[in-house]
Every structure is written in C-alpha cells, then in structure tokens.
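Inspection log for the structure reproduced underneath, given as structure tokens.
Below, chain A is the first sequence line, B the second, and so on; all start at residue 1.
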Protein chains: 2
Amino acid sequence: MPEQRSRAGRATIRDVAREAGVSVTTVSHALNGKGTASEATRRRVLAVAERLAYRAHPMARGLRRGRTGVLGLDMRPLDAIGSYLPVGVDYFVRFAGAAAVTALDHGLGLMLVPDLTRPGIPTSAHGVDGYVIGDPVRDDQALARLLDAGVPVVTVGRDPGRPDFTDWVGSDDVHETQRVLDLMRQRGAERVAFIAGTDDNAWNVDAERAYRAWAGRHHLPVRVLRVPEATGEDGGRDAARQLLDGPKTRPDAIYCQTGRHAAGVLAEAQHLGVAVPRDLLLAAGSDAQQTRLATPGITALDLEPEETGKAAVQLLIARLNGEPATGPVYVPARLHERGSTGAR
Amino acid sequence: MPEQRSRAGRATIRDVAREAGVSVTTVSHALNGKGTASEATRRRVLAVAERLAYRAHPMARGLRRGRTGVLGLDMRPLDAIGSYLPVGVDYFVRFAGAAAVTALDHGLGLMLVPDLTRPGIPTSAHGVDGYVIGDPVRDDQALARLLDAGVPVVTVGRDPGRPDFTDWVGSDDVHETQRVLDLMRQRGAERVAFIAGTDDNAWNVDAERAYRAWAGRHHLPVRVLRVPEATGEDGGRDAARQLLDGPKTRPDAIYCQTGRHAAGVLAEAQHLGVAVPRDLLLAAGSDAQQTRLATPGITALDLEPEETGKAAVQLLIARLNGEPATGPVYVPARLHERGSTGAR
DNA sequence: ACCTTTTCATAAAAGGTTTTATGCGATAGC
DNA sequence: GCTATCGCATAAAACCTTTTATGAAAAGGT
C-alpha cells in the first residue's frame, strides 16, 4: 500500500488526512492544537504527519491566516552600497545577522529589500508581515509609504521629521555623545571639533545637537564639519587637513561620527606630524574595523548592532502580536577607550 | 459613489473587476497580458487598477502559480557569525548586497536563512523558489537536504564531496592561487609557507592542492599550516610565531587564505622585527578591510563578491526558468598588488 | 440564409490551508 | 422516556489569484 501523494513534490494536508483516515479539518486541528479532537486521534494524525514529513504549505497557510511569516529589512546603508562601497559594512552585517537569527528564533524569515521607494520592486516585498527600516532620513519616503499602507514597521533610529512615531530602536545619541565628549575633556581637551555625516538622520542630528549643547555648557568653541558618509577615509583626510591647518585655532581634539572618517583623520594627522594622542585626541561615534585596527586604536562608541538588530525584530514582533506600542527602545552603547584618547 | 473595498486593507482583484464592470478573469488577463481582451477593455482595467493601487496578493498568486518570488540565501559564513564575530564580514555584506539587488532586478526578493540544518527553522524557509548556499563544506547537509527535496539550488564554490553537482559559481581557485604564488616567486620568494583555514570547503581544498602542486613543480619546500577561520588576527599571529621561529628554515614568504590571518601574520612579523616586504613577502587569498588598511598594504586576491553574488542569483534564476545546467560559472578574481610583496 | 471562424468575455476549477458552523451519537439529567 | 449537554469529527466557506474550458455574439464566406 504505497502512500499516495497528490503530486510529485510534497505531501499535502489531504494526503495526511487520507492516510490517517480522518478529515482535513481534523488534521489541521491536531497539528495546530486548535479543535476538540480525542487524544488518540491527535496522536495518530501527528504520527502520520511525521511519517510523511508533512509541512503546511507556507503560502496556503499565509493566504488563509493573513500572515507570511516573513519580515522585511530595508537598510538605508544597504541602499548606499548600491555601488557596493564598504560603507557601514561592519554595522550592516552584524545587524542583519542578529536580526535574521532573532527572526528565526521566532519562526520567522527575514527578507532583504534593498529600496522600497525604487520603482518595480518585487511583489513579494508587499507580502511580508512587517518591516524594519534602518536609519531613516528626515520624512523618509519608504517609512511614509509603509505607514500609509498600514504595514507594521519599526525603525532603527527615529525619523527626525516624525516626532510622533515612537516604534523605534536605537541608542540614546545625545547621552552617548556627551559621554565621549566628557571623556575627551577629562583627558584635557579644550577645543573639540566635530565631524558629522551629511545624511539627515537622527543619529547625525542628535549628535550634533548634543555637541553644540555640550560645548555651550562648558564654554568651549564650536567647530562643525559635515562630510558625506560615502567619502570614507578620504573624506576624513580632507577634513583633517582643513582643521589642522591654522596652528592658531587648531583643535586639540576631534570627534567623528563615523569610524572611517576618524581613520582618515588619524592618517592625515600622522602625515602632518600631529601626534595622536599627544597633540590631538581622537574619537569616533561608531565602532568599525577601522577604529579597531588603526594604530593607535581609535576610541569609539560601539552601537551594539547585534543588540540593536535583536531589539528591532523583537519590537516588530510585539507590534505584530498587537501588543501596545512600548515607545522607543534604547540600546546602550559601549565606549571602547583606545590609544587615540590616551588609553594605554 | 465611494469605491467598495472588500476589506479595510488593500483592494482585491474583485474590487477592480466590480469597479471596471468586468469579470475577475478579464482583470487577471489584462494585468498579466495573457488572455484575449480588447484594447479598450484592457486599458480600462489597467486604469482602474492603477486608481485603486491594486497589487496582486503575493501569496494568493504564489499559491496558484507555485512560485513565491523569493530566493533563499544560506551563507555558511553567516552561521559562523552565530556569535556575530566579524568573520567574513566584508565578503558577506558585499555578496548579500549584490545578490539582493540582482534578485530585485528580476522582481524577486532575497530571504536570509541562517542555518537550514538547525531544527525548527521557519516554514517560510520552505516556501522559497530556490536557494543559494554559500561556501558549502564537504557533503554539506543543507545542500543535501535541499537537493533531496527537489529544490533548485546553486552554491558558491562547489561541494568537495559532490563532483557531479555543477550548479555553482566561484573563482578558479587553483588557477588564482598559482597566480599569487607566481608573483611571490617572481619577487624572489624561495620558501613559501601556506596558511589555510580549517573549513573543509572547496576554496581551502583547491588552494592547498594548487600550492602543493606549484611547490612540487618548482622544487620548493612545502610547509602548510591550518588555522581555524574564526581565530582571525590572533590565529595569524600564532601561526606567524610558529613559522618565524627557527631562523634556519624560516620561510621568506607566507601565503594566507584569509585576509584576517594575513593581517595577524603581518602584525606578529613586525613585532618580531621581521620586515615586510624586505625579509618576508606576504599575500592573502581573499581581500578584506584588514589587507587594504594594513601598513604596508597586503597583496590579496579580490574574489569579487559583488560579481559572484550577481552570478549566483542569475544562475539560480536560469535554473528556475528551466534552462539547462550551464555548468560552473567562474568569476575571475582580481589581484591587488600592495606593499607586502614589494609594490611601491 | 446558413455555416464557419474569429473575437471577446466569463464561469468554474484549482492551488492548500484554516476557521466557522453544523451534525451525529452517546451520556447525563429529570 | 424525553430532552439537554457534551465530546468528537466533519463539511463547507473563505483567503485571492490564475488558468482552463466554455460560450455568446459578431464577422466573414459561399
């Protein structure tokens, strides 16, 4: 008595029902622990299902339940990669990896969707249960579109143009920035320059705000440069040349948002004969390969991409389960003190 | 006359049909360019669909067509990340980014599935149209399972235990390895040591084979060390200490498979007072942040993860479309000559 | 005028699951 | 002995789309 399978491929619920001598309803109930089946029947169905290696067809189930079991991830940094520059490489993979594993732990898949605002995106992109949007910019289009469509969405870092939206995960940028600045001041800095990126996202906005407030509080001069994230080390080099030019008002400390800019600043400073940390203190607002491997190491905030990715997925799942909005989730950053601020 | 939508959320094909005064069949045909509808009807339907912002429900469509529109990606390096060590970070993100974008260009999504052999993976993982498996090890379990299930799959690098399986994409490791070794010999190397990883994948296997054959051909001594990939720079340091110990038989060149090992070797060599490239030539079989940023830069093979990711997705799509197996696709590597082999 | 194409549109089936409503037989209550 | 309750199982509807088969009307040919 060979087991009849409806089609070549996989066993369907109907096959299990036939084999177990019950109705499909009973199979479904037994498998999902839903109905009122006797213990004997339940066990028999389970055994047959196991034997046939039955797995509910994900799309049939999804169609019926209205849930895909897949989360979407749209990381703005990934868009920036478009040309595949190794920008944010470090952060991205740690984040995406943690997010994927966390989703997996909840029985969900994680789908990469490069850019939701691009035309002609795959229909599957509309089929996910919810979205994680990484580092939205002010009045982010992808975010707006999803919210309009009523899709549950969580962002990493808030949208600066959307103060009401609180379903986000990220570091307390104002506080963390202060921490680093305080460290520099403690190490003797009196003229701290600040190099931000040009992306109009919360991370840049809040850090700059924190810097200005901090300088004001301590009656220290304010010097802000904005350098495109994508310029990387070269951008940092240029900025350093600019800042270290006039010996008169030369800063004795530089705080860069990105690790790559910081690495460029370090290289250029060394090239110009400005010793770090003796003549110049240096720190970065995000950790990266470049800050870890530079000589001396560059003091940096580790934004804990793994924790952040995990928290983002967890928050999204909570939203999907209809739990009330729990406001923003702050992931504390870790401050790695390295040689660039005088650590041994 | 407010438009009736069957439910709160999105418009269904039925809504479009009602609004356009035709049957659902006609709508489907018009939208997919299938049936025999008059030009006038077709245009009217299209206009209504546009107005209602109608999009076919991905799961309903998938259920009917037997296609999800999603590809799965199971990168073994990502598994290794488990603890989220920045191993293969560089390669992974460039690969995954390119793969995602290529899939997107074909109207497909890309789903990250950390480890297919783990128990309790999400059902959605079974719902994808095909899989890309990155760097399978010998007799890879994930690969075996998918092939058994009849799922179309493409690997990056062949499974060393599966010579018959030709649906893979990757570099010609034997040839590329020779290229680097030839360069070192041309720069004067006479005793080249080889540091491989411990993963039993084609990349390690073929490179070591190429090294042994090359050394034999040139009557040069053979010295092979195997260091776990996950040990990174520290592993490289240890290996270097071992190799550079006895001044008697000390190698005058070291070839490392991974960039991180090479970076560790460089650091340790410098620590031991062995000047690179004067006393020791150094090269790596894969490019990474570490090889680019080291001082001096480390000569390395760029395995072109973007090209590889693109090629892998394209090959998978060809398979999905029933095109005959086109054998392995070789992606040529690029050799970056840097200071560690005497480039200026 | 009749038969044959051709054109255009539709009804219905299929895809696999979950859920709601229904039914049947047996036990319990009075 | 009649009815209410309960336990167990199932039929059928629903989810939304695509595809196959069918049919009506119009056009064309003799």
Side-chain angles (χ1 to χ4, degrees), chain A residues 4-46 48-49 52-69 107 122-124 126-127 129, chain B residues 4-46 48-49 52-69 107 122-124 126-127 129:
Chain A
Q4 283 283 78
R5 296 208 174 176
S6 26
R7 265 184 44 195
R10 60 207 292 170
T12 83
I13 198 173
R14 221 170 293 273
D15 298 322
V16 179
R18 181 167 0 86
E19 202 74 15
V22 296
S23 73
V24 293
T25 308
T26 303
V27 176
S28 175
H29 281 164
L31 260 46
N32 298 312
K34 282 286 174 65
T36 63
S38 74
E39 196 49 36
T41 314
R42 194 181 297 272
R43 261 203 293 274
R44 182 157 41 95
V45 169
L46 256 40
V48 172
L52 299 187
Y54 167 75
R55 303 199 149 273
H57 191 295
M59 272 176 295
R61 160 175 288 174
L63 176 59
R64 178 61 233 218
R65 284 198 181 156
R67 285 259 195 126
T68 327
T123 46
S124 53
H126 300 285
D129 295 337
Chain B
Q4 282 283 76
R5 296 207 175 179
S6 26
R7 265 183 45 197
R10 60 206 291 170
T12 86
I13 198 174
R14 221 171 294 274
D15 298 323
V16 179
R18 183 168 358 85
E19 201 75 15
V22 296
S23 73
V24 292
T25 308
T26 303
V27 176
S28 175
H29 281 164
L31 260 46
N32 297 311
K34 282 283 174 67
T36 63
S38 73
E39 197 48 37
T41 316
R42 194 181 296 273
R43 260 203 294 274
R44 181 155 42 96
V45 170
L46 256 40
V48 172
L52 299 187
Y54 167 75
R55 303 200 149 275
H57 192 294
M59 274 176 294
R61 159 176 289 174
L63 178 58
R64 178 62 234 219
R65 285 201 182 154
R67 286 258 194 128
T68 328
T123 47
S124 53
H126 300 286
D129 295 337

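In terms of heavy-atom proximity, D15(B) sits nearest to A11(B) at OD2-CA, 3.4 Å. The minimum heavy-atom distance between H57(A) and R10(A), with the atom names listed, is CA-NH2, 4.4 Å.
Of the side-chain N and O atoms in K34(B), one or more sit less than 4.0 angstrom from OP1 or OP2 of dT19(D). Close to dT18(D), at under 4.0 Å from its OP1 or OP2, lies a side-chain N or O of R61(B).
With the nearest nucleotide of DNA chain C identified for both R64(B) and A56(A), R64(B) has the one nearer the 5' end.
Spacing between atom CG of N32(B) and atom P of dC16(D) amounts to 17 Å, rounded to whole angstrom units. The CZ atom of R67(A) sits 16 Å away from the C1' atom of dT19(C) (whole-angstrom rounding). Taking atom CG on L63(A) and atom P on dA14(C), their separation rounds to 17 Å, with Å as the unit. The nearest whole Å value for the distance from the CG atom in L52(A) to the C1' atom in dG16(C) is 15 Å. If you take CG of L31(B) and C1' of dC16(D), they are 13 Å apart, rounded to a whole angstrom. Rounded to a whole Å, the CZ atom of R65(B) is 16 Å from the P atom of dG16(C). In this structure, D15(A) places its CG atom 13 Å from C1' of dT17(C), rounding to the nearest Å. Following rounding to the nearest Å, M59(A) (CE) and dG15(C) (P) show an atom-to-atom distance of 14 Å.
Taken to the nearest 0.5 Å, the OG1 atom of T12(A) stands 9.5 Å off from the CG atom of L52(A). Note that CZ of R14(B) is 11.0 Å distant from OG of S23(B), once rounded to the nearest 0.5 Å.
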Measure all distances between protein nitrogen or oxygen atoms and nitrogen or oxygen atoms of nucleotides 6-10 of chain D, and list the pairs falling under 3.5 Å.
| unit_1 | atom_1 | unit_2 | atom_2 | d |
| --- | --- | --- | --- | --- |
| dA9(D) | OP1 | T41(A) | OG1 | 2.7 |
| dA9(D) | OP2 | S38(A) | N | 2.8 |
| dA9(D) | OP2 | T41(A) | OG1 | 3.2 |
| dT10(D) | OP2 | S23(A) | N | 3.0 |
| dT10(D) | OP2 | S23(A) | OG | 3.2 |
| dT10(D) | OP2 | T26(A) | OG1 | 2.7 |

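Looking only at side-chain heavy atoms (C-beta outward), Y54(A) and I13(A) come within less than 4.5 Å of each other.
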For residues 33-46 of chain B, which side-chain N or O atoms pair as donor and acceptor with protein atoms under 3.5 Å away, sequence neighbours left out?
| unit_1 | atom_1 | unit_2 | atom_2 | d |
| --- | --- | --- | --- | --- |
| S38(B) | OG | T41(B) | N | 3.2 |
| S38(B) | OG | T41(B) | OG1 | 2.6 |
| R44(B) | NH1 | A20(B) | O | 2.4 |

Do any side-chain atoms of residues 59-66 of chain A form donor-acceptor pairs under 3.5 angstrom with protein atoms, and if so which ones, sequence neighbours left out?
none

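In this structure, N32(A) contributes its side chain and S28(A) its backbone to a donor-acceptor pair below 3.5 Å. With D129(B) contributing its side chain and T68(B) its backbone, the two residues share a donor-acceptor pair below 3.5 Å.
Axis angle, first five pairs versus last five pairs of the helix from dA1(C)-dT30(D) to dC30(C)-dG1(D): 60°, rounded to 10°.
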